[in-house]
Amino acid sequence: MQYTILGNTGLKVSVAGLGCGGNSRLGLGSGGTDAQAVDVVRAALDLGVNFIDTAEAYGTEHVVGQAVAGRRDKVVISSKCRSRNPTGPISGADAVKALENSLRLLKTDYVDIYHLHAVAPANYEHAMKEIAPALLREKEKGKLRHLGVTETGPNDPRQEMMARAIAEPPWEVVMFAYSMMNQGARRAILPTAKTRGVGTLLMFVVRNIFSRPTALKQAMADLAVSGQVPAEFARSDAPLSFLIHEGGATSLTDAAYRFVRHEPGVDVVLFGTGKQEHLRANIDSILRPPLPEADMRKLRDLFGKLVGVGLDLPDAVRAAAKA
Ligand SMILES: NC(=O)c1ccc[n+]([C@@H]2O[C@H](COP(=O)([O-])OP(=O)(O)OC[C@H]3O[C@@H](n4cnc5c(N)ncnc54)[C@H](OP(=O)(O)O)[C@@H]3O)[C@@H](O)[C@H]2O)c1
């Protein structure tokens with residue numbers, strides 16, 4: 001494993017971080033058991049991953065609590081509270097209550113990083129004025145070590161909330177989307193993060209678009225219709241196969257992780273999975289050298305201006321919305 005220092009927090013973290021949300025939710029999202037999910041976390045720890053990202057909303061905090069028992073001090077735990085409930089933005093007191101519940105499920109008396117989860121641009125002022133001060137008081141008590149904020153990819157494709165959060169206190173760590181076909185953060189977020197010493201966590205690096213061929217095909221078809229990618233991409237069943245060759249990527253997910261990993265300002269690349277074989281493959285990819293420069297250039301030229309591509313809501317949320 002390779003390790004880096006997470007911005008100005010001083011935390012030494014693995015460059016590959018296990019994400020316990022998304023569609024996988026450590027396998028719970030596709031019918032896996034708690035015991036299998038615990039095994040995925042433990043396998044990640046055994047391979048040197050020390051950064052684990054979970055959240056109130058994922059329903060995986062109890063799994064992380066079980067998996068890290070006995071080695072809590074070797075693990076950097078990142079968790080989050082919802083920034084809204086069905087009636088509107090949560091209060092500072094609600095956030096403190098959520099933190100207490102996370103600590104109980106995680107079986108710990110502190111979280112290393114506690115985020116406000118999926119803050120939309122319209123809720124940012126409230127997050128700053130109402131919720132952050134309440135959580136900073138908990139930080140003084142030692143219940144959280146560092147305060148963070150995450151964006152809502154599907155509802156904020158232009159990353160407006162993050163463009164504000166990255167530029168001002170109190171956020172010490174931020175989580176945002178960045179991928180081969182969603183490259184806006186390279187200009188709008190990463191340079192400021194680096195200058196200000198804010199720790200960065202990448203999400204939506206693979207998601208559906210680079211793990212489900214049908215999702216990539218649909219995205220290319222939509223982009224070709226609006227003239228944002230050449231029409232031949234929509235006609236191909238494997239439009240990104242040019243990345244897979246001797247000396248290049250070994251698979252599309254390999255390309256996706258290697259594209260983001262080496263960008264200046266990136267600290268931790270999150271990957272979500274419920275499968276042991278994907279866990280190993282993803283760690284290998286994140287630890288490999290950058291893609292060949294010609295492939296990097298082609299990806300920047302072809303997709304550097306796209307906005308909000310590959311930012312699906314979790315399948316369960318989409319299904320509930322349709323019901
Ligand atoms: N707003 C927020 O705060 C927010 C939003 C989104 C995500 N996140 C965090 O970021 C983490 C990762 O992001 P993500 O869930 O968006 O997506 P991701 O990790 O980029 O992609 C995960 C998807 O790709 C599949 N996959 C993983 N490795 C694979 C491989 N080697 N080959 C083929 N398929 C593979 C997974 O299914 P399998 O189970 O089959 O491997 C899963 O469906 C989440 O777990 C969560 O911690 C935070």
Side-chain angles (χ1 to χ4, degrees), residues 16-32 36-37 40-41 43-44 49 51-61 63-64 76-84 113-120 123 127 148-157 159 161-162 165 171 173-182 200-216 249-261 268-286 288 309-317:
L18 180 63
C20 306
N23 285 322
S24 289
R25 296 175 45 244
L26 296 172
L28 300 185
S30 52
Q36 287 164 332
V40 171
V41 180
V49 170
F51 191 95
I52 312 282
D53 177 63
T54 179
E56 175 190 24
Y58 302 161
T60 51
E61 288 173 311
V63 170
V64 175
V76 173
I77 297 181
S78 153
S79 193
K80 330 182 183 73
C81 66
R82 291 184 179 90
S83 52
R84 291 180 64 80
I113 305 156
Y114 198 62
H115 307 261
L116 263 178
H117 196 167
V119 175
N123 296 333
V149 66
T150 81
E151 69 183 11
T152 165
N155 300 310
D156 184 13
Q159 304 187 296
M161 187 288 294
M162 193 51 68
W171 319 111
V173 180
V174 294
M175 187 187 300
F176 53 87
Y178 183 56
S179 81
M180 293 194 290
M181 293 181 67
N182 183 42
T200 60
L201 314 173
L202 299 188
M203 62 184 185
F204 286 95
V205 173
V206 166
R207 197 72 169 192
N208 295 342
I209 192 166
F210 303 124
S211 64
R212 299 179 186 172
T214 49
L216 180 60
T250 55
S251 67
L252 201 49
T253 52
D254 182 60
Y257 288 121
R258 290 167 65 189
F259 175 79
V260 301
R261 156 77 181 92
V268 176
V269 178
L270 293 172
F271 65 93
T273 189
K275 302 200 173 105
Q276 298 268 353
E277 67 273 23
H278 289 173
L279 173 81
R280 281 163 220 284
N282 296 347
I283 292 173
D284 281 353
S285 294
I286 292 168
R288 282 195 189 115
V309 176
L311 304 179
D312 322 73
L313 284 166
D315 291 345
V317 176

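The basis for the numbers below is simple: all heavy atoms, side chains too, and nothing from hydrogens, waters or symmetry mates. Counting starts at 1 for both ligands and their atoms, following the listed order.
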Using a 4.5 Å cut-off on heavy atoms from C-beta on, say whether the side chain of [Y] contacts that of [X].
| X | Y | value |
| --- | --- | --- |
| Leu216 | Leu252 | yes |
| Phe176 | Leu202 | yes |
| Glu151 | Val174 | no |
| Phe51 | Ile113 | yes |
| His117 | Tyr58 | yes |

Residue shell around ligand 1, heavy atom under 4.0 angstrom: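 Residue list for ligand 1: Gly19, Cys20, Gly21, Gly22, Ser24, Asp53, Tyr58, Lys80, His117, Thr150, Glu151, Met175, Met203, Phe204, Val205, Val206, Arg207, Ser211, Thr253, Leu270, Phe271, Gly272, Thr273, Gly274, Lys275, His278, Asn282.
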Salt bridge (charged side-chain N to carboxylate O under 4.0 Å, His left out) between Asp312 and Arg212, worked out: CA-CA 12 Å; Asp312 322 73; Arg212 299 179 186 172; over 6 Å; no
